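The shown structure was predicted, so the numbers you read here are calculated from the model rather than taken from an experiment. Order of the sequence lines sets the chain letters (A, B, ...), proteins ahead of strands, with each chain counted from 1.
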There are 2 protein chains.
Amino acid sequence: MYEITSLRQATTLGEEVVRRLRYLVITGRLAPGTHLVEDRLAREFDISRGPIRDALRKLEGEGLLESRRRGLFVVGLDESDVEELYTLRESLESLALRRSMERATPEDWATLQGPIDAMRDAADRGSAEDFASADLEFHSRFYELSGHRRLVSVWEQYRPTFSVLLSVTNAQDADLHPSAEAHVALLEGVRSGDVESTVRELSAHLLGAKNRMRAARAKGAH
Amino acid sequence: MYEITSLRQATTLGEEVVRRLRYLVITGRLAPGTHLVEDRLAREFDISRGPIRDALRKLEGEGLLESRRRGLFVVGLDESDVEELYTLRESLESLALRRSMERATPEDWATLQGPIDAMRDAADRGSAEDFASADLEFHSRFYELSGHRRLVSVWEQYRPTFSVLLSVTNAQDADLHPSAEAHVALLEGVRSGDVESTVRELSAHLLGAKNRMRAARAKGAH
DNA sequence: GTTTCGTTAACCGTCGACGGATATCGGTTA
DNA sequence: TAACCGATATCCGTCGACGGTTAACGAAAC
């Protein structure tokens, strides 16, 4: 049904199970509608049900699993889910950007250069996964700098989904450099201090990302 | 330290513990910074650690507890938290309102009349708790009608906090009728079909709610 | 063929216990 | 007095098991 290898060392077994299942669900290797049974998963991962329970609860919170009558079921990610993820994110990140532009100092913004360099480097090497990582790291700074704990919390809830999603779809892009440069433009906007204009730029940025993802997914094996 | 009575019948023990602790944390009976130890809680509630663990994880997700080095600690709700809760909500609910105005039918909007009647009734009786309940039920419809699963999910994550918070602060308001009528105005806006104007009205509505809450909390015992 | 009902199996909520990791505290040393 | 360090207690991650509840299945009745 799906491959179970070995559980790499993780802070906790549950966390590792979360990572595994998350990947399987988002990539569709675990078909939507699949019934996940605690007992069976425990046997397959060869651990007890405790950590499995923790993992399933977490994934439910991430919207990847759905609790129905008995047990949890896999919720696949189709086009409407991509739509949901990006509209929600646009809403959250706009608020984060507004707040961070009110609070952050030039030194704070300087920390965004690291992820940009990492993106360029990943683009040079053609590493889709590293690019996705740096990309999300860049955007995460907005949340951190917003000084809004709950905003950070909600973002972190969905960030792993974007991470897997981006890693997969980026792999189809021939050249990731344009995307890296788009972030440079975003950083310039932030530094200009023009909030409204930069928020619009962010919206456009995310709209573009959404469309690229839709295109990639329409073409890819789904 | 805090009173433990008996665990009323609930769908699950963990859920009941969640309700209890949530109330204690939000009302401040459980002081910010308090270290919650699984073993001790299990003994106090006279149940095993399993359901306690579930409860603590859930409350952490709601932002009421914070995971530090060892175990979970109570995060109090101060003025900045009220600020956070309402700014986040404004962001989410604006999106929900926009989407629901694009999708919902007149019959859908008709279902908002029930909560309004309930608010008026609760205002007549002076029941702060029932008013809060109907109030949130009214707003929840926006999320449901938005057809956006993740938006609903995030809202449901914070709704219980608003529920307790409103119940407590509403109890200080002499007359709840004005608040009920504000919702009527909101419903009229929705029916008018003018999205931008109604979104602005919602923002003003929530801003007013936030300020009333701040005033009530500044005056109340905190 | 369809519905009703009873039996069986599946599945989750809950429990109690173990062991390792970590903070705490007392004692020793510089 | 202050810093280091080791013994101790605390606390959480994990385990395996039990029992009640609910879904699934098949048999009996219409």
Side-chain angles (χ1 to χ4, degrees), chain A residues 1-2 4-22 24-25 30-75 160, chain B residues 1-2 4-22 24-25 30-75 160:
Chain A
M1 183 179 201
Y2 50 84
I4 303 290
T5 59
S6 67
L7 266 55
R8 284 190 311 191
Q9 81 289 359
T11 55
T12 170
L13 286 178
E15 270 309 307
E16 184 60 22
V17 173
V18 165
R19 286 192 22 224
R20 292 287 190 78
L21 290 181
R22 180 157 52 213
L24 293 172
V25 170
L30 220 47
T34 304
H35 185 192
L36 295 182
V37 177
E38 294 181 1
D39 264 317
R40 213 164 60 75
L41 289 173
R43 263 178 282 126
E44 296 188 55
F45 282 100
D46 196 33
I47 58 176
S48 76
R49 273 179 53 216
I52 299 288
R53 281 174 70 81
D54 290 346
L56 296 183
R57 294 279 151 80
K58 185 113 188 270
L59 292 171
E60 186 186 1
E62 294 181 11
L64 297 174
L65 302 181
E66 184 185 33
S67 163
R68 287 212 291 265
R69 34 181 177 119
R70 185 87 82 90
L72 293 166
F73 293 78
V74 174
V75 177
Chain B
M1 184 179 200
Y2 50 84
I4 305 289
T5 57
S6 68
L7 265 54
R8 285 191 310 190
Q9 79 289 359
T11 55
T12 169
L13 286 178
E15 270 308 308
E16 184 61 22
V17 172
V18 165
R19 286 192 21 223
R20 292 289 189 77
L21 289 182
R22 180 156 51 212
L24 293 172
V25 170
L30 220 45
T34 304
H35 185 193
L36 295 182
V37 177
E38 294 181 1
D39 265 317
R40 213 164 62 75
L41 289 173
R43 263 179 282 127
E44 295 187 56
F45 282 102
D46 197 32
I47 58 177
S48 76
R49 271 178 54 217
I52 299 288
R53 281 175 69 83
D54 290 347
L56 295 184
R57 295 279 151 80
K58 185 116 189 267
L59 291 171
E60 185 185 0
E62 294 181 11
L64 298 174
L65 303 182
E66 185 185 32
S67 163
R68 288 211 290 265
R69 33 177 180 124
R70 186 87 81 90
L72 294 165
F73 293 78
V74 174
V75 177

Could you state the atom-to-atom distance from CD of A:Glu44 to P of C:dC11 in whole Å?
-> 12 Å
For B:Leu72 and D:dC12, what is the distance between atoms CG and P respectively, to the nearest whole Å?
-> 8 Å
Distances under 3.5 Å between protein N/O atoms and the N/O atoms of nucleotides 22-24 of chain D, please, pair by pair.
| from | atom 1 | to | atom 2 | distance (Å) |
| --- | --- | --- | --- | --- |
| D:dT22 | O4' | A:Arg70 | NH2 | 3.3 |
| D:dT22 | O2 | A:Arg70 | NH2 | 2.4 |
| D:dA24 | OP1 | A:Arg69 | NH1 | 3.4 |

With a 4.0 Å cut-off on heavy atoms, is A:Arg43 in touch with a base, just the backbone sugar-phosphate, or nothing at all?
-> nothing
With sequence neighbours left out, write down each residue that passes salt bridge (Lys or Arg N to Asp or Glu O under 4.0 Å) with B:Glu60, or none if nothing qualifies.
-> none
Partners of A:Val74 by side chain to side chain contact (heavy atoms under 4.5 Å, CB included), sequence neighbours excluded?
-> A:Val25, A:Leu30, A:Thr34, A:Leu36, A:Leu65
Under-4.0 Å side-chain N/O to phosphate OP1/OP2 contact, B:Arg68 with D:dC11 = no
For A:Arg43, all residues meeting side chain to side chain contact (heavy atoms under 4.5 Å, CB included), sequence neighbours excluded = A:Asp39, A:Arg40
A:Leu56 CG to C:dG13 C1', straight-line distance once rounded to whole Å | 14 Å
Minimum heavy-atom separation for A:Gly71 to A:His35, with atom names?
-> CA-NE2, 3.8 Å
Between C1' of D:dC12 and CD of B:Glu60, the distance in whole Å = 14 Å
Could you state the CD-C1' distance from A:Glu38 to C:dG13, rounded to the nearest angstrom?
-> 9 Å
Rounded to whole Å, CG of B:Asp39 lies from C1' of D:dA9 at a distance of 12 Å
What are the two closest heavy atoms between A:Ala55 and A:Gly14, and how far apart are they?
-> CB-O, 3.7 Å
Are B:Val17 and B:Ile47 side-chain neighbours, meaning at least one heavy-atom pair lies under 4.5 Å?
-> yes
Residue set satisfying side chain to side chain contact (heavy atoms under 4.5 Å, CB included) with B:Arg53, at least two apart, ordered chain then number -> A:Asp54, B:Glu38, B:Arg49, B:Arg57
Residue list, side chain to side chain contact (heavy atoms under 4.5 Å, CB included) with B:Ser48, at least two apart or on another chain | B:Pro51
Side chain to side chain, B:Arg20 and B:Phe45, heavy atoms closer than 4.5 Å = yes
Could you list all N or O pairs between the protein and nucleotides 14-18 of chain C that sit under 3.5 Å apart?
| from | atom 1 | to | atom 2 | distance (Å) |
| --- | --- | --- | --- | --- |
| C:dT14 | OP1 | B:Thr12 | OG1 | 3.4 |
| C:dT14 | OP1 | B:Leu13 | N | 2.5 |
| C:dT14 | OP2 | B:Thr12 | OG1 | 2.7 |
| C:dC15 | OP2 | B:Ser48 | N | 2.6 |
| C:dC15 | OP2 | B:Ser48 | OG | 2.7 |
| C:dC15 | O5' | B:Ser48 | OG | 3.4 |

Atom CZ of B:Arg40 to atom C1' of D:dC12: distance rounded to whole Å?
-> 15 Å
